[in-house]
Enquirer: 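Let me give you the structure first, and then I'll get to my questions.
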Protein chains: 2
Amino acid sequence: MNDLAERPVYMDHAATTFMKPEVVAAMAPYLSEHFGNPSSLYRFAAGSRSGVETARGQVAAAVGATPAEIFFTAGGTEADNWAIKGAAFANQERGNHIVTSAIEHHAVLHTCEWLERQGFSVTYLPVDEFGRVEPVAVEAAITDATILVSVMTANNEIGTVQPVAEIGRVAHEHGALFHTDAVQAIGAVPIDVERMNIDLLSLSGHKFYGPKGTGALYIRQGTRVETLIHGGGQEQGRRAGTENVPGIVGLGRAIELATADIEGHNRRIAAMRDRLVRGVIGSIPDCRLNGHPTE
Amino acid sequence: MNDLAERPVYMDHAATTFMKPEVVAAMAPYLSEHFGNPSSLYRFAAGSRSGVETARGQVAAAVGATPAEIFFTAGGTEADNWAIKGAAFANQERGNHIVTSAIEHHAVLHTCEWLERQGFSVTYLPVDEFGRVEPVAVEAAITDATILVSVMTANNEIGTVQPVAEIGRVAHEHGALFHTDAVQAIGAVPIDVERMNIDLLSLSGHKFYGPKGTGALYIRQGTRVETLIHGGGQEQGRRAGTENVPGIVGLGRAIELATADIEGHNRRIAAMRDRLVRGVIGSIPDCRLNGHPTE
């Protein structure tokens with residue numbers, strides 16, 4: 001116990017994680033010998049290009065998508081901004097209404113507030129006592145003008161997991177796109193964009209032992225989304241800027257590791273979580289748990 | 001000579017550079033022990049925070065700015081998008097006209113084309129036979145509705161250096177903001193945002209032996225620029241998203257190294273350039289130099 005008492009214990013993995021040694025090792029060659037510009041046509045750049053495409057396959061496999069539906073970004077925040085602004089602008093001739101929840105990350109909430117200043121209308125759904133968004137509440141909020149529903153997969157503060165598949169089904173029944181911010185969910189909740197009726201999904205490397213400044217947006221094939229960052233023809237002409245090759249390679253390796261054994265990971269974390277919750281509630285008066293007891 | 005003939009020679013540093021070993025070494029601790037989220041308040045995150053702030057000082061020093069005027073981005077393309085869209089949206093009640101040149105990088109040109117679709121008007125100035133934008137042409141293009149002039153510091157294909165200080169002076173005389181894409185210039189052209197009358201300046205780490213996926217936007221204090229990426233309160237609330245700490249640290253070290261001896265660097269490069277140009281023109285018929293012979 002003395003030993004433990006003197007060792008710092010990092011308990012803010014929801015804010016950011018360290019990088020796994022395997023991730024750093026995967027990145028290492030791309031910090032030195034493989035430095036070519038992946039957009040260059042000559043053979044020397046093939047190493048960078050192949051690193052990026054391997055990572056694209058790893059991300060696609062982790063969420064049940066095809067590689068051509070994965071677009072790398074500089075993080076979850078950029079992915080959220082792109083998904084929501086991009087879907088709003090690309091579909092504004094069909095309607096100007098967005099449905100989201102009051103407990104989304106600021107990357108979603110502040111983006112929606114900015115869109116309100118551009119003439120869009122946004123409904124911020126309340127949540128129940130456990131932080132859940134009810135699919136019937138989403139359905140009740142949808143109007144003829146609704147073009148997008150955005151509800152996170154798991155909450156970043158209280159951890160509640162949302163009924164994403166049902167919310168996605170409701171959105172589709174009414175002709176709206178469904179975006180989910182899965183930044184906090186990757187590695188904890190198994191994701192399948194098909195089964196969960198997801199059109200747009202944001203993720204962020206540094207939440208699952210990958211590098212900071214890396215993320216991705218899944219865009220279902222055929223989904224109309226306007227570009228957020230204009231310029232060169234990278235990422236199928238949809239997200240400009242020379243690729244962060246080592247970061248992308250690290251993101252790919254990290255998501256592969258994080259999704260390899262979600263069940264075992266959750267069993268270990270749940271046991272620690274339950275012990276901590278019991279210990280805190282049992283020894284400090286007037287404490288209560290924020291969030292859902294199981295979801 | 002046999003030895004040289006068999007060793008590949010990388011000649012596309014304008015597309016991207018390798019990272020200097022000093023840059024990789026500066027980043028290394030931030031790939032492992034210093035992994036805290038710089039926005040966290042606890043002591044453990046202080047290492048990350050201080051790495052980011054050291055880099056901010058290094059970038060500021062390299063361009064003659066104060067640290068509070070430097071905002072980190074995921075690259076030069078994002079910085080260009082932010083500068084131009086941000087200045088356009090924030091100043092649209094004053095006017096809707098932008099002046100730029102026909103030889104800007106796609107990150108500027110495609111951003112301007114997108115703004116045209118949002119109701120802005122853009123003049124694309126032609127260049128002379130050496131690729132130069134004439135300050136008198138900028139002055140002639142400015143109207144009462146002009147809110148922004150954007151001309152690159154140095155061209156990415158033919159290398160021509162523009163008369164930035166004079167173009168900035170002309171913009172200011174007519175009440176317009178001046179943005180320059182200095183992505184290709186850092187380390188080759190000494191930059192002083194004061195002397196050169198610059199309000200907004202974009203730069204990119206991987207062009208001067210720093211990491212890919214890193215960049216910065218200089219925003220002169222008091223300049224009205226709308227946010228491009230909304231979310232958390234990072235970067236004084238103006239650019240959301242958890243900071244790419246190792247990338248930012250590498251960018252800072254790289255710009256410090258790149259600007260330490262610009263004169264000596266240019267002397268070495270110019271000698272190699274002249275030898276190459278003489279050799280090619282002297283041995284291959286019908287060759288001519290694209291770009292300015294000295295600028």
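Residue numbers begin at 1 in each chain, while the letters A, B, ... track the order of the sequences.
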Enquirer: Taking side chain as everything from C-beta outward and backbone as N, CA, C, O, which of these in A:Glu243 sits under 4.5 Å from a heavy atom of chain B? Side chain, backbone, both or neither.
Expert: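 For A:Glu243, backbone heavy atoms alone lie under 4.5 Å from chain B.
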Enquirer: Report, in residue-number order, which members of residues 229-238 of chain A are under 4.5 Å from chain B by heavy-atom distance.
Expert: A:Ile229, A:His230, A:Gly231, A:Gly232
Enquirer: Please determine if A:Glu93 and A:Arg224 form a salt bridge, counting it only when a charged side-chain N lies under 4.0 Å from a carboxylate O.
Expert: yes
Enquirer: Just give me the residue among B:Ile248, B:Leu31, B:Val23 that pairs up with chain A most often, heavy atom to heavy atom, under 4.5 Å.
Expert: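 When all of B:Ile248, B:Leu31, B:Val23 are compared, B:Leu31 has the most.
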Enquirer: Taking the side chain as every heavy atom from C-beta outward, state whether A:Lys207 and A:Thr16 have any pair of such atoms under 4.5 Å apart.
Expert: no
Enquirer: Measure the spacing between CD1 of A:Ile103 and CG of A:Leu125 and express it to the nearest 0.5 Å.
Expert: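 Here the interatomic distance stands at 10.5 Å.
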Enquirer: Counting heavy-atom pairs under 4.5 Å to chain A, which of B:Gly205, B:Pro21, B:Pro246, B:Gly241 comes out on top?
Expert: B:Gly241
Enquirer: Shorter than 4.5 Å, heavy atoms on both sides: which option in A:His206, A:Glu78, A:Met27 has the most such pairs with chain B?
Expert: A:His206
Enquirer: Let me know if B:Glu104 has heavy atoms under 4.5 Å from chain A in its side chain, its backbone, both or neither.
Expert: neither
Enquirer: Which distance, rounded to the nearest 0.5 Å, do you find between the CG of B:Asn81 and the OG1 of B:Thr111?
Expert: 3.5 Å
Enquirer: Go through the atoms of A:Phe18 and report whether side chain, backbone, both or neither lie under 4.5 Å from a heavy atom of chain B.
Expert: both
Enquirer: Heavy atoms only, distances under 4.5 angstrom: which of A:Glu113, A:Lys212, A:His106 has the most pairs with chain B? Name it, please.
Expert: A:Lys212
Enquirer: My understanding is that only residues two or more places apart in sequence, or in another chain, count here; which of them pass salt bridge (charged side-chain N to carboxylate O under 4.0 Å, His left out) with B:Arg94?
Expert: none
Enquirer: Looking at A:Gly36, A:Ser40, A:Gly247, which one has more heavy-atom pairs under 4.5 Å with chain B than the rest?
Expert: A:Gly36
Enquirer: When rounded to the nearest 0.5 angstrom, what is the spacing between CD in B:Glu116 and NE2 in B:His110?
Expert: 11.5 Å
Enquirer: Mind jotting down which residue pairs meet the side chain to side chain donor-acceptor pair (under 3.5 Å) criterion with at least one end in residues 17-39 of chain B? Sequence neighbours excluded, please.
Expert: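 Found none.
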Enquirer: Show your working on side chain to side chain donor-acceptor pair (under 3.5 Å) between B:Glu226 and B:Trp82 and close with a plain yes or no.
Expert: CA-CA 8 Å; B:Glu226 201 157 296; B:Trp82 182 12; over 6 Å; no
Enquirer: Looking at B:Leu109, B:Val24, B:Asp80, B:Asp12, which has the largest count of heavy-atom pairs under 4.5 Å with chain A?
Expert: B:Asp12
Enquirer: Counting only heavy atoms closer than 4.5 Å, note whether A:Arg43 contacts chain B via side chain, backbone, both or neither.
Expert: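 Nothing of A:Arg43, per the 4.5 Å heavy-atom cut-off to chain B.
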Enquirer: Quick one: list whatever passes ring pair (Phe, Tyr, Trp, His ring centres under 6.0 Å) with A:Tyr218, sequence neighbours left out.
Expert: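 Ring pair (Phe, Tyr, Trp, His ring centres under 6.0 Å) check on A:Tyr218 returns nothing, list empty.
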Enquirer: Is the distance between the ring centroids of B:Tyr209 and A:Phe35 less than 6.0 Å?
Expert: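 For B:Tyr209 and A:Phe35, the ring centres are not under 6.0 Å apart.
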Enquirer: I'd like to know whether B:Leu203 forms a side chain to side chain contact (heavy atoms under 4.5 Å, CB included) with B:Leu217, so could you lay out the CA-CA distance, the side-chain angles of the two residues, the decisive distance to 0.1 Å, and finally the verdict.
Expert: CA-CA 7 Å; B:Leu203 59 89; B:Leu217 180 63; over 6 Å; no
